[in-house]
Amino acid sequence: MTAFAPVATVAPHFVPKSNASDYFAEVPDVKYEGPSSKNVFAFKYYNAEEVVLGKKMKDWLRFSVCYWHTFRGLGADPFGAPTLHRPWDDGTDSVENAKRRLRVAFAFLKKLGVEYYTFHDRDIAPEGRDLAETNAILDELVALAKQLQAESGIKLLWGTANLFAHPRYMNGAATNPDAHVFAYAAAQVKKAIEITKELGGGNFVFWGGREGYQSILNTNTKKELDHLAALFHLAVAYKEKIGFTGQFLIEPKPREPTKHQYDYDAQTVWGFLKEYKLDKHFKVNIEPNHTTLAGHDYEHDVEIASRYGYLGSIDSNSGDPLLGWDTDQFPMDVKKTTLLMQVVVRQGGLAPGGLNFDCKVRRESSDVDDMFISHIGAMDAFARGLRNVAAINADNVLPKLVEERYKSWSELEIGRKIEEGKTTLEELEQWVLKHGEPVQVSGKQEKFESIFNTYV
């Protein structure tokens with residue numbers, strides 16, 4: 001997750017269109033046409049109202065569009081200037097421009113047929129001269145967002161605070177060595193929770209892009225982690241005080257922009273939450289591109305978090321295995337989406353979380369219609385994943401093979417005693433002395449892979 005984007009070059013002779021939907025006049029409303037369709041502006045596999053495995057597809061998938069990449073990203077990278085010209089954006093950081101951008105975002109969501117969106121506080125509203133002015137501007141944009149939500153039926157999946165882009169956070173937010181910066185971050189989190197509640201958001205996300213370190217020489221890691229936990233406890237207390245019923249989520253990432261980020265991966269976060277007695281108040285929002293940056297398979301963090309009951313939402317993107325940074329690409333690999341949907345189906349869904357497209361079009365994909373094509377392709381990839389899981393579960397071949405691999409734990413008395421915690425090392429030693437060497441059993445990985453391939 002990143003939200004910072006350079007301000008666009010001020011457009012000469014900028015003349016806004018009268019209606020936000022006019023910016024997408026050349027793009028038809030996106031509908032389901034089925035697998036035989038060749039229309040790039042139609043769904044081939046995602047049929048929102050179709051019931052699969054007992055739920056409508058839209059309820060399994062709960063798609064969301066992220067505001068920062070889709071409406072603030074302009075294609076800049078460390079080697080080049082912005083390449084994405086957005087005709088609704090006049091290149092200024094004005095409130096008027098922010099309001100026009102917000103109206104265009106809702107027109108895009110409506111045409112795409114997506115019911116949810118996500119944002120950072122600083123995505124939708126520019127900062128003022130001080131915190132008071134910034135909050136007043138934010139309130140003005142939130143009032144417009146609330147109006148647009150009421151008119152469209154579109155909902156906020158989650159909100160968050162951008163605690164990484166401003167120079168004040170260069171040494172971290174909650175983990176900053178300066179208590180003044182911690183206090184500012186806490187004030188920003190307070191306001192962000194308030195507006196998320198105001199807009200009916202189902203979740204609130206914490207992503208600690210600057211919560212880490214570049215060098216151990218100038219860092220007290222224990223103090224910084226204590227302070228990070230302190231901010232989370234303050235947030236929990238305020239959430240309960242104001243009656244915000246949304247779910248708190250932490251989004252792990254191993255590095256970038258810091259060299260080492262404290263919320264490295266799902267298991268690191270779980271250990272942190274347990275250590276600081278926060279595990280009853282938080283789940284995780286997993287971004288698979290972050291998972292691969294941590295050296296794991298795409299599906300690893302989603303699988304681990306779900307198995308232990310703390311998978312709350314997924315930032316559905318992918319990365320390039322040849323690149324060592326967070327490329328935030330649209331997920332188009334159906335094998336990977338099938339693996340993720342296996343987990344989602346197994347745990348009964350993601351609500352109140354969802355599948356949020358924390359993705360940006362490539363800086364070379366510079367047409368406005370590329371915004372639609374990319375989301376349509378990714379939505380179809382996850383819809384195919386869901387359909388594949390339905391077929392896998394119906395045939396029950398792979399699930400039975402997995403069950404077969406672990407049958408000794410239920411069939412052997414000693415296996416049951418181990419799982420129930422009713423044995424000792426001495427008893428296990430005697431059992432092995434009596435029964436001898438275990439029989440070698442093939443893991444059959446290639447068999448599993450071959451069968452899986454028949455579904456995708």
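All figures in this text were calculated on a predicted structure; none of them were measured in a lab. When reading the values below, keep in mind they use all heavy atoms of this one structure, side chains included, and skip hydrogens, waters and symmetry mates.
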### Query
Can Lys146 and Glu198 be counted as an ion pair, charged N to O under 4.0 angstrom?
yes

### Message
Check for me whether the distance between the ring centres of Tyr46 and Phe382 falls short of 6.0 Å.
### Response
no

### Salt bridge flag under 4.0 Å for residues Asp121 and Lys191
no

### Task
Would you mind telling me which of Asp395, Asn396, Val389 makes a side chain to side chain contact (heavy atoms under 4.5 Å, CB included) with Asn393?
Val389

#### Entry: Among Lys56, Arg387, Lys58, the one residue meeting side-chain hydrogen bond (donor to acceptor under 3.5 Å, both in side chains) with Glu50
Arg387

### Task
State whether Lys407 and Glu403 are salt-bridged, where the test is any N-O pair (Lys NZ or Arg NE/NH1/NH2 against Asp/Glu carboxylate O) under 4.0 Å.
no

#### Entry: Evaluation steps, side chain to side chain contact (heavy atoms under 4.5 Å, CB included), between Tyr67 and Arg101
CA-CA 10 Å; Tyr67 202 90; Arg101 189 188 295 124; 3.5 Å; yes

### Task
Applying side chain to side chain contact (heavy atoms under 4.5 Å, CB included), run through Asp326 and His290 and close with a yes or a no.
CA-CA 7 Å; Asp326 192 9; His290 294 176; 3.0 Å; yes

### Message
Under a 3.5 Å cutoff, is there a donor and acceptor pairing between the side chains of Glu224 and Tyr262?
### Response
yes

### Query
Is there a donor-acceptor pair under 3.5 Å between the side chain of Lys259 and the backbone N or O of Gln214?
yes

### Query
Between Tyr310 and Trp270, how do the two ring planes meet: parallel, tilted or perpendicular, split at 30° and 60°?
parallel

### Message
For a quick check under 3.5 Å, do Asp123 and His120 share a side-chain donor-acceptor pair by atom type?
### Response
yes

### Glu303 and Arg346 ion-paired at < 4.0 Å
yes

### Message
Whether Asp380 and Arg384 form a salt bridge (side-chain N of Lys/Arg under 4.0 Å from carboxylate O of Asp/Glu) is what I want to check.
### Response
no

### Message
Parallel, tilted or perpendicular: which one describes the rings of Phe272 and Phe232, with boundaries at 30° and 60°?
### Response
perpendicular

### Task
Measure the shortest side-chain to side-chain distance between Lys417 and Glu427 over non-hydrogen atoms and say whether it is less than 4.5 angstrom.
yes

### Task
Could you list all the side-chain hydrogen bond (donor to acceptor under 3.5 Å, both in side chains) pairs where at least one residue sits in residues 231-247, not counting sequence neighbours?
Glu194-Tyr238, Asn203-Gln247

### Query
With distance as the sole criterion, is a donor-acceptor pair present between the side chains of Asn176 and Asn171 under 3.5 Å?
no

